[in-house]
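Structure below; questions to follow.
Quick note on labels: first sequence line is chain A, next is B, and so on, each numbered from 1. For the numbers below, each heavy atom of this structure counts, side chains included, while hydrogens, waters and symmetry mates do not.
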Amino acid sequence: MNCRVRFAPSPTGPLHMGGVRTALFNYLFARHNKGTMILRIEDTDQNRYVPGAEEYIMESLAWCGINIDEGIREGGEYGPYKQSVRKEIYRQYADLLINSDWAYYAFDTPEELEGKRQEAEGKSKDQESGLKAQGSGLKAQGSGEGSGQKGGKFAYDSTYRMELRNSLTLPEEEVKRMIAEGEPYVIRFKFPENEEIVMQDLIRGEVRVNTASLDDKVLFKSDGMPTYHLANVVDDYLMKISHVIRGEEWLPSLPLHVMLYKALGWASDMPQFAHLPLILKPSGNGKLSKRDGDKLGFPVFPIEYKSPETGETSSGYRESGYLSEAFINMLALLGWNPGTEQEIFSMDQLVEIFSLERVGKSGSRFDPEKAKNINHQYIQQKTDAELFCVVGGSGDSGDLGDSGDSGDSDDLGDSDDLGNTRSLSGVEGVKVIGLVKERMNFLTDFWDQAYFFFEAPEEYDAKMVKKGWKEGTKERMIQVIQVIEGSGLKAQGSSEGSGLRAQVIETNIKEWIAKEELGMGMIMNPLRLALVGAPKGPGVFDIIEVLGKEETIRRIQQAIKILA
RNA sequence: GGCCCGUUCGUCUAGGGGUUAGGACGCUAGAUUUUCAUUCUAGUAACAGGGGUUCGAUUCCCCUACGGGCUACCA
């Protein structure tokens, strides 16, 4: 059998990381089995439609490297791939179900049903069961135990449907008349009264449930659109989906879907189901949801999202400095594991070893710390040049932190009119990346770790000044300048040679320190202070090499002036 | 409330009738270091509880507790 899977989001807003993971697992499964990955847009609820959401979803998947084989952009033999466009298809199946007595028309208004619900909840439990036994004369005996106990809750089900306004209770003429007159109605699935449904889930094994606990779901809405349930089953069948891989929140409606396949006569073509465990919030309760936005202190969306309604912007992993490969890797490990101790995987490797058997059953709390660590590892894996490209402006939104410059040129850091700002050529930029990357967790950390290569310090860390800039420091620094002068260090711009120069200056300064019998810290700390302004950054000699002789000396002189 | 799913270190997880219950993140300590990080080494820490089954259960079964999902003319 051809392996065909689909990711079927509804365009009600941005996709959150849980959705991306579902898409990822579908994708990995499809690729692993040399199958087809389909993207279907489930927009049967026009009220919840959010403009731009589709584009957002596709852009997100593209960023993640989850490639679609068939979909609204890609086309395919089984299109269209958007349910609103397929609208005409569904009605005939609803009719089929009515004709075979698997479904019925229901005329109850939402208000009526709401009233029933309120009423039922208002009553105490014992009152309620008494009422129920009387209420439906047809089945008064059977429903008392086991089946009809809804515990103070009204449900449109086998115990109540005969008390409501539908084609099961109304005379046929009446039903015809109402429909002809344009009375609004829905079509509901008619669950058998008391039947054990046994289902197979690839992750959970056998799941069974009795139809007595199920209510008659709406399949077709009064606005002429199918509900998710009908559209989903019909489309999966028509699109020859072989495996339905979706979140666990769908498990409760699996019985409906399974029955639908049976009722439509498609039982032998029914896909296999796999319900993925949910991603939970790091702390507190519940599954991660779109509404969590930025409230939890980390992004829940793959890429930044601006709500067209509220104008509110929610951060994305991309803009927060995650590499998409790291994001994917992190997601893959949430609920799945390879069974080995390896945990860094490229997409290709994931495809290679992914299997549904190794997906866990229980929900997993998302841990932002772990995500950070994985991103850190990915950053270290990149070559300096690769990283330079991603960080340096050729990326989608090249800004590196909040330096205020909006430069998207190839240079890191734009020069402005102040003498204190410099720009570095690509080559130097790559070198800078090499020096700071090991202390970067996110791409966006770059500026914070490297700004001093571009801007001379204008103020100096107070603590460090107090600790390191003492009586004779000024004189020592003047001597340091002389040592540097004499070190044959070429001024910046003369492209020549490599790491040797840092070493040269290192030896010279160390020799000088030894000769003068000074302490290392006595020289190095003020030197760093002069060059960086703070107790941070790569080795001083490496910094000097990048800065070049002139700039280094200039900064030392400036520090002497300011700190004297 | 009802129905369904689940439960191994704080978190993600491996494992599986007899193990020193393994790894990763985090945390702590030490080493490296001219700073901050990184890195390295070590340490910390778990089978939810109660019943069975069994020579033996963390592993299999049942119950309880806890967690999660669903319970719309939303997906």
**OP:** May I ask you to verify whether the side chain of R204(A) and the base of rC5(B) hold a donor-acceptor pair under 3.5 Å?
**Re:**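 No such pair is found, so the answer is no.
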Original post:
Starting at the 5' end of RNA chain B and moving along, which residue's nearest nucleotide shows up first, G537(A) or L334(A)?
Top reply: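 Residue closer to the 5' terminus by nearest nucleotide: L334(A).
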Original post:
Could you run down nucleotides 67-75 of chain B 5' to 3' and tag each one B, S or - for protein heavy-atom contact under 4.0 Å?
Top reply: -SSSS-BBB
**OP:** Apply ring pair (Phe, Tyr, Trp, His ring centres under 6.0 Å) to the pair F189(A) and W102(A), showing each step before the final yes or no.
**Re:** CA-CA 6 Å; F189(A) 188 70; W102(A) 276 103; 5.6 Å; yes
Subject >> Atom-pair distance (CG on N375(A); P on rA37(B)), nearest Å >> reply: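 About 19 Å, once rounded to whole Å.
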**OP:** Using the P atom on both, measure rA14(B) against rU71(B) and round to a whole Å.
**Re:**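 Straight-line distance between the two P atoms is 29 Å.
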Subject >> Base-pairing mate for rC70(B) - Watson-Crick or G-U, with both contacts under 3.5 Å >> reply: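 rC70(B) is paired with rG2(B).
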**OP:** Would you check if H257(A) and M199(A) make a side-chain contact, meaning some heavy-atom pair closer than 4.5 Å?
**Re:**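 Sidechains of M199(A) and H257(A): no contact.
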Original post:
So what does R358(A) touch, heavy atoms closer than 4.0 Å: a base, only the sugar-phosphate, or nothing?
Top reply: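 Result for R358(A) = sugar-phosphate.
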**OP:** Write down the distance separating the C1' atoms in rU41(B) and rC55(B), rounded off to the nearest Å.
**Re:**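 One C1' to the other, the span is 43 Å.
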Original post:
Under 4.0 Å between a Lys/Arg side-chain N and an Asp/Glu carboxylate O for D95(A) and R91(A)?
Top reply: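 Salt bridge present between D95(A) and R91(A).
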**OP:** For M330(A) and rU13(B), give me the distance from atom CE to atom C1', rounded to whole Å.
**Re:**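 Going from M330(A) (CE) to rU13(B) (C1'), I get 16 Å.
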**OP:** Could you tell me whether E112(A) and K116(A) have a side-chain N and a carboxylate O separated by less than 4.0 Å?
**Re:**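 Looking at E112(A) and K116(A), the cut-off is not met.
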**OP:** For rU38(B) versus rC27(B), give the span between their P atoms, rounded off to a whole number of Å.
**Re:**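 Those two atoms are separated by 9 Å.
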**OP:** Applying side-chain contact (heavy atoms from CB on, under 4.5 Å) between R188(A) and each of L219(A), D216(A), D157(A), report the one that passes.
**Re:**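 The side-chain contact (heavy atoms from CB on, under 4.5 Å) with R188(A) is passed solely by D216(A) among L219(A), D216(A), D157(A).
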Original post:
Considering only the P atoms, how many Å lie between rC4(B) and rG26(B), rounded to the nearest integer?
Top reply: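 It works out to 41 Å between them.
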Original post:
Taking for each residue the nucleotide of RNA chain B with the nearest heavy atom, is it Q449(A) or G360(A) whose nucleotide lies nearer the 5' end?
Top reply: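 Looking at the nearest nucleotide for each, G360(A) comes out on the 5' side.
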Original post:
So does R86(A) pair up with E42(A), basic N to acidic O under 4.0 Å?
Top reply: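 Result for this pair is no, no salt bridge flagged.
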Original post:
Under 4.0 angstrom, heavy atoms only, what part of the nucleic acid is V532(A) near: base, sugar-phosphate, or nothing?
Top reply: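 Nothing, no heavy atom under 4.0 Å.
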Original post:
Quick one: do D43(A) and R48(A) make a salt bridge, cutoff under 4.0 Å?
Top reply: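 R48(A) and D43(A): not salt-bridged.
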**OP:** Taking only Lys NZ, Arg NE, NH1 and NH2, and the carboxylate oxygens of Asp or Glu, determine whether K515(A) and E517(A) approach each other closer than 4.0 Å.
**Re:**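 Salt bridge absent between K515(A) and E517(A).
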**OP:** Would you mind checking if D292(A) and K290(A) are paired as a salt bridge, meaning a charged N to carboxylate O distance below 4.0 Å?
**Re:**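 Result for this pair is no, no salt bridge flagged.
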Subject >> Side chain of H376(A) (C-beta onward), nearest among rG22(B), rG6(B), rU39(B) >> reply: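 Comparing rG22(B), rG6(B), rU39(B) against the side chain of H376(A), the answer is rU39(B).
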Subject >> rU59(B) to rU53(B) separation - P atoms, rounded to the nearest Å >> reply: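 Looking at atom P only, rU59(B) and rU53(B) are 15 Å apart.
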**OP:** Could you check how far CD of Q381(A) sits from P of rU39(B), rounded to whole Å?
**Re:**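 The distance from CD of Q381(A) to P of rU39(B) comes to 13 Å, rounded to the nearest Å.
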Original post:
Please give, in whole Å, the distance from rA37(B) P to D542(A) CG?
Top reply: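 Rounded to the whole Å, the gap is 18 Å.
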**OP:** Please report the C-alpha distance between D215(A) and K217(A) in whole Å, then the side-chain angles of each, then the deciding distance to 0.1 Å, and finally whether the salt bridge (charged side-chain N to carboxylate O under 4.0 Å, His left out) criterion is met.
**Re:** CA-CA 6 Å; D215(A) 61 335; K217(A) 287 286 180 228; 3.2 Å; yes
**OP:** Write down the distance between CG (N373(A)) and P (rA24(B)), rounded to a whole number of angstrom.
**Re:**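 Nearest whole value for this atom pair: 11 Å.
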Original post:
So do the side chains of S320(A) and P299(A) get within less than 4.5 Å of each other, counting heavy atoms only?
Top reply: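 Side chain of S320(A) against side chain of P299(A), heavy atoms only: contact under 4.5 Å found.
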Original post:
Starting at CD of E343(A) and ending at P of rU11(B), how long is that distance when rounded to a whole Å?
Top reply: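 E343(A) atom CD is separated from rU11(B) atom P by 17 Å.
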Subject >> Atom C1', compared across rG23(B) and rC61(B): separation rounded to whole Å >> reply: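 Approximately 31 Å lies between the C1' atom of rG23(B) and that of rC61(B).
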Subject >> C1' atoms of rC73(B) and rG69(B), separation to the nearest Å >> reply: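 Those two atoms are separated by 22 Å.
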Original post:
Taking the C1' atom of each, how far is rU54(B) from rG67(B), in whole Å?
Top reply: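 Those two atoms are separated by 31 Å.
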Dump the pairs, protein N or O against N or O of nucleotides 28-34 of chain B, anything under 3.5 Å, distances to one decimal.
{"unit_1": "rU34(B)", "atom_1": "O2'", "unit_2": "N525(A)", "atom_2": "OD1", "d": "2.9"}

